[in-house]
Amino acid sequence: IHHINISLLNNLELGEEFIIKLNVEKRAKTTLHHSGLHLALMILANMREGIDKKIVGAKITDTYGRLDFSTELIQEKLEISSYHYTVENEAIYWKCLDYSVPCGGTHCDNTKYLGKMKVKRKNIGKTSERLIIELNEIEEFFKLYGEDNE
């Protein structure tokens with residue numbers, strides 16, 4: 001699913017053709033880091049109630065995402081899902097176990113694809129902390145994902 005700003009749609013003509021190009025590998029790597037951040041937040045929220053309300057920033061790229069946590073849940077191969085919020089059709093939620101948060105980003109469908117994570121904590125000022133994850137086995141994702149989808 002890709003959401004397009006309505007103002008961009010106003011510039012299109014009915015029947016107009018255009019080409020959309022995606023860097024599939026970069027998108028897949030970004031997807032893994034995005035899902036990893038949700039898993040991190042789920043764990044942190046269980047450890048410190050209300051921590052999700054104190055988030056002041058995040059960044060997700062194809063090489064890292066910002067958050068910090070234990071990798072035990074990855075090895076459990078937990079299902080990750082996305083679903084539309086019933087009250088507001090445009091809102092999409094990310095869910096793992098009984099934890100869900102609003103997010104329309106890209107996600108993998110199981111924690112098994114995340115592999116091993118390197119977790120860092122960085123002080124970025126007097127009142128802010130940054131949590132960073134790096135996935136070290138992204139190439140394994142492509143092997144696993146290919147096997148599951150043949």
Side-chain angles (χ1 to χ4, degrees), residues 1-9 11-12 17-48 50-85 88-125 128-150:
I1 298 172
H2 184 75
H3 299 280
I4 298 174
N5 185 312
I6 194 71
S7 65
L8 295 175
L9 292 175
N11 295 326
L12 299 175
E17 293 184 19
F18 52 93
I19 297 172
I20 298 174
K21 294 182 180 180
L22 296 176
N23 180 328
V24 175
E25 184 175 337
K26 182 176 182 176
R27 178 128 175 129
K29 289 177 179 180
T30 302
T31 294
L32 292 171
H33 284 95
H34 190 153
S35 295
L37 286 176
H38 280 297
L39 190 65
L41 184 57
M42 178 179 79
I43 292 166
L44 290 171
N46 285 329
M47 292 169 33
R48 295 192 182 225
I51 196 160
D52 56 327
K53 306 288 187 255
K54 297 182 186 253
I55 294 173
V56 294
K59 184 171 183 178
I60 304 162
T61 73
D62 59 330
T63 57
Y64 74 93
R66 294 189 212 149
L67 291 177
D68 186 63
F69 64 101
S70 162
T71 60
E72 292 170 5
L73 292 178
I74 293 170
Q75 295 167 354
E76 290 183 28
K77 300 179 181 177
L78 301 172
E79 181 180 336
I80 296 172
S81 62
S82 294
Y83 61 93
H84 286 277
Y85 183 56
E88 188 178 333
N89 247 355
E90 292 185 20
I92 297 173
Y93 277 68
W94 176 95
K95 183 176 182 181
C96 185
L97 295 175
D98 60 352
Y99 182 81
S100 64
V101 293
C103 183
T106 60
H107 306 101
C108 57
D109 62 6
N110 196 294
T111 61
K112 70 182 177 183
Y113 298 120
L114 301 175
K116 293 186 180 179
M117 290 191 197
K118 183 176 183 181
V119 179
K120 298 178 189 176
R121 177 179 162 201
K122 181 178 181 182
N123 183 319
I124 58 171
S128 299
E129 295 283 331
R130 178 171 291 160
L131 301 167
I132 302 168
I133 64 163
E134 294 175 357
L135 300 173
N136 298 318
E137 296 179 3
I138 292 220
E139 298 309 316
E140 290 301 312
F141 163 75
F142 293 105
K143 291 178 189 171
L144 284 171
Y145 190 75
E147 289 172 8
D148 285 354
N149 292 293
E150 289 184 322

Might you work through the side chain to side chain contact (heavy atoms under 4.5 Å, CB included) test for Lys29 and Thr63, ending with a clear yes or no? CA-CA 7 Å; Lys29 289 177 179 180; Thr63 57; over 6 Å; no
Over 60° means perpendicular and under 30° means parallel, so classify the ring planes of His107 and His34, tilted if in between. perpendicular
Report, as yes or no, whether the 6.0 Å neighbourhood of atom CG on Asp98 holds more than 12 heavy atoms from other residues, nucleotides or ligands. no
Compare every heavy atom of [Y] with every heavy atom of [X], then report the nearest pair and how far apart it is.
X      : Y      : value
Tyr83  : Ser100 : OH-OG, 3.3 Å
Cys108 : Thr31  : N-CG2, 3.3 Å
Ser35  : Trp94  : O-CZ2, 4.0 Å

Nearest 0.5 angstrom please: [X] [atom1] to [Y] [atom2], how far?
X      : Y      : atom1 : atom2 : answer
Glu76  : Leu97  : CD    : CG    : 7.5 Å
Asn110 : Glu79  : CG    : CD    : 7.5 Å
Leu32  : Thr111 : CG    : OG1   : 11.5 Å
Ile132 : Leu37  : CD1   : CG    : 10.5 Å
Leu114 : Leu78  : CG    : CG    : 10.0 Å

I'd like to check His33 versus Leu135 (side-chain heavy atoms, cut-off strictly below 4.5 Å). Are they in contact? yes
Output, in order, the C-alpha distance, side-chain angles, deciding distance and verdict of side chain to side chain contact (heavy atoms under 4.5 Å, CB included) for His38 and Tyr99. CA-CA 9 Å; His38 280 297; Tyr99 182 81; 5.9 Å; no
